[in-house]
Protein chains: 2
Amino acid sequence: MSTPDNRETGGRRPQRADARTNRERILNVAEEVFGKGGRSASTEEVARLAGVGIATVFRHFPTKAALLEAVLVQRFDRLRAQAETLFHATDPGTAFFDFFSHLVADAAGKIAISEALLEAGGENGGDAARASDGLRRAVGALLQRAQRAGAVRDDAELPEVYALLVCTSRAAAHARLEEEVRQRMLAIVFDGLAPLGTRERG
Amino acid sequence: MSTPDNRETGGRRPQRADARTNRERILNVAEEVFGKGGRSASTEEVARLAGVGIATVFRHFPTKAALLEAVLVQRFDRLRAQAETLFHATDPGTAFFDFFSHLVADAAGKIAISEALLEAGGENGGDAARASDGLRRAVGALLQRAQRAGAVRDDAELPEVYALLVCTSRAAAHARLEEEVRQRMLAIVFDGLAPLGTRERG
DNA sequence: CGCTATCCGAAGTCACGACTCCGTATACTC
DNA sequence: GAGTATACGGAGTCGTGACTTCGGATAGCG
């Protein structure tokens with residue numbers, strides 16, 4: 001999955017330029033298409049919007065599932081990278097809550113992704129599950145650091161925090177949840193995560 | 001939708017007994033099948049588990065969408081009834097939080113239902129949307145009453161509370177979320193919903 | 001500039017699932 | 001208990017969407 005095409009080419013020619021750019025474009029379009037429309041969006045739609053034939057999509061990604069997985073891996077890895085950057089860059093509390101807000105905010109309109117977050121890490125042992133695990137671990141690190149700094153209550157453990165992260169993202173993925181409402185929803189959750197006795201705001 | 005078959009029969013014969021029991025069984029089986037498996041579960045599966053032919057399913061419910069809608073209406077109405085019962089039966093705070101817990105608890109394994117909760121009330125103007133609205137209103141009543149009694153913070157409004165209700169249900173619908181985790185997740189949310197300064201527990 | 005491995009798109013095949021037709025069975029009426 | 005409207009089930013049709021095939025382009029090397 002991580003080397004979609006070059007399994008056979010082994011070490012021969014690198015890969016033609018048009019092939020590489022096509023793969024890139026397909027991947028990006030697929031993220032969009034699966035975002036709205038969910039996993040049931042059709043591969044043909046992806047091909048059409050990417051401006052390539054259907055066969056080209058299947059040449060780069062052997063199955064629809066593989067394409068979806070590639071999208072998820074890309075997304076999860078990107079989020080994990082952000083989490084890791086925040087880990088080093090900001091103060092513990094800000095890092096944790098900022099990442100939480102950020103993830104929820106840009107889940108808006110990304111149905112398939114938040115859906116996959118819900119499900120991944122469970123059944124299949126594919127690359128997406130691994131990437132999802134990486135993200136989960138990165139969140140765990142942010143959480144622990146925030147707890148040690150006294151910004152998050154000590155008795156909150158990763159599973160429930162992650163569940164909240166994931167499910168608020170899922171809620172935000174639907175268009176009908178307005179910006180304001182999303183923020184108030186997060187405010188409630190954040191208050192629930194605050195250390196005992198420290199209420200942030202009303 | 002509410003009178004699936006008797007549109008034509010008008011006022012003639014009531015409906016044969018076997019037809020009624022079959023309809024009942026189909027509806028119950030459909031709730032189970034769509035519960036696990038989601039909306040993409042097949043109608044044939046429903047027919048098979050109900051022990052009837054595929055045609056019988058379509059005779060009672062003209063389309064798959066209609067069947068799904070009937071399932072949702074039944075479920076939403078049941079939940080609304082529970083909410084209304086609690087409204088009169090218990091003290092405001094208990095009623096609100098109990099209903100919240102209860103709804104989340106029995107969302108376990110009911111993917112399609114919690115999914116529909118997320119989506120319903122938005123686009124379509126069908127019976128399911130109406131039933132979903134009824135439920136939402138009932139929750140609103142519970143919330144207001146709890147707020148007046150000082151059991152829930154005043155600045156929380158229905159949209160975000162409902163979003164939290166719905167999204168925690170969705171999280172609970174997945175099998176991999178253990179009982180314990182679900183309860184700790186709810187504890188966090190409930191703490192976030194508590195009036196300023198009143199932290200329930202750790 | 002020509003050659004060829006690589007890559008492409010259009011037109012397929014195939015499976016699956018929603019929905020229909022029709023001959024048969026059975027609940028209810030008298 | 002016979003007759004009939006009502007309901008049933010299995011064997012279809014039909015559309016959709018994942019995936020394949022193959023003749024035609026094109027990048028990149030010489």
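A, B, ... follow the sequence lines: proteins, then strands. Residue 1 opens every chain. Because only heavy atoms are used, hydrogens play no part in the values below, and waters and symmetry mates are left out as well, while side chains stay in.
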### Query
After noting the C-alpha distance and the side-chain angles of A:Arg59 and A:Asn22, does the key distance pass the side chain to side chain contact (heavy atoms under 4.5 Å, CB included) rule?
CA-CA 11 Å; A:Arg59 198 168 304 110; A:Asn22 270 340; over 6 Å; no
#### Entry: Under the side-chain contact (heavy atoms from CB on, under 4.5 Å) test, residues paired with B:Leu27 that sit two or more places apart
B:Arg23, B:Phe61, B:Leu67, B:Ala70, B:Val71, B:Gln74
Between the protein and nucleotides 8-11 of chain D, list the N/O to N/O atom pairs that are separated by less than 3.5 angstrom.
{"residue": "D:dC8", "atom": "OP1", "partner": "B:Asn22", "partner atom": "ND2", "Å": "2.5"}
{"residue": "D:dC8", "atom": "OP2", "partner": "B:Arg59", "partner atom": "NH1", "Å": "3.2"}
{"residue": "D:dC8", "atom": "OP2", "partner": "B:His60", "partner atom": "NE2", "Å": "3.4"}
{"residue": "D:dG9", "atom": "OP2", "partner": "B:Gly53", "partner atom": "N", "Å": "2.9"}
{"residue": "D:dG9", "atom": "OP2", "partner": "B:Thr56", "partner atom": "OG1", "Å": "2.2"}
{"residue": "D:dG9", "atom": "O6", "partner": "B:Arg59", "partner atom": "NH2", "Å": "3.3"}

### Message
Among residues at least two apart in sequence or on other chains, which ones pass salt bridge (charged side-chain N to carboxylate O under 4.0 Å, His left out) with A:Asp77?
### Response
A:Arg80
Between [X] ([atom1]) and [N] ([atom2]), how many Å, whole number?
X       : N      : atom1 : atom2 : value
A:Leu68 : D:dA18 : CG    : C1'   : 14 Å
A:Lys64 : C:dA15 : NZ    : C1'   : 15 Å
B:Glu69 : C:dA18 : CD    : P     : 17 Å
A:Gln15 : D:dG28 : CD    : C1'   : 14 Å
A:Arg48 : D:dG17 : CZ    : P     : 12 Å
B:Phe58 : D:dA7  : CZ    : C1'   : 17 Å

Return all side-chain donor-acceptor pairs below 3.5 angstrom for residues 42-53 of chain A, not counting sequence neighbours, or 'none' if the list is empty.
{"residue": "A:Ser42", "atom": "OG", "partner": "A:Glu45", "partner atom": "N", "Å": "3.2"}
{"residue": "A:Glu45", "atom": "OE1", "partner": "A:Arg48", "partner atom": "NH2", "Å": "2.9"}

### Atom pair CG/OG of A:Leu72 and A:Ser132 - distance to nearest 0.5 Å
9.0 Å
### Task
To the nearest 0.5 Å, tell me how far A:Arg153 CZ sits from B:Ile188 CD1.
5.5 Å
### Task
Using the salt bridge (charged side-chain N to carboxylate O under 4.0 Å, His left out) rule, collect all pairs that involve residues 88-113 of chain B, keeping only residues at least two apart or in two chains.
B:Arg75-B:Asp106
### Task
Could you list by number each residue of residues 32-46 of chain A showing a heavy-atom separation from DNA chain D of less than 4.0 Å, or answer none if no residue does?
A:Ala41, A:Ser42, A:Thr43
### Message
Heavy-atom nearest nucleotide on DNA chain D for A:Ala17 versus A:Ala65: which residue maps closer to 5'?
### Response
A:Ala65
### Message
So B:Val29 and B:Glu32, do their side chains get closer than 4.5 Å, heavy atoms only?
### Response
no
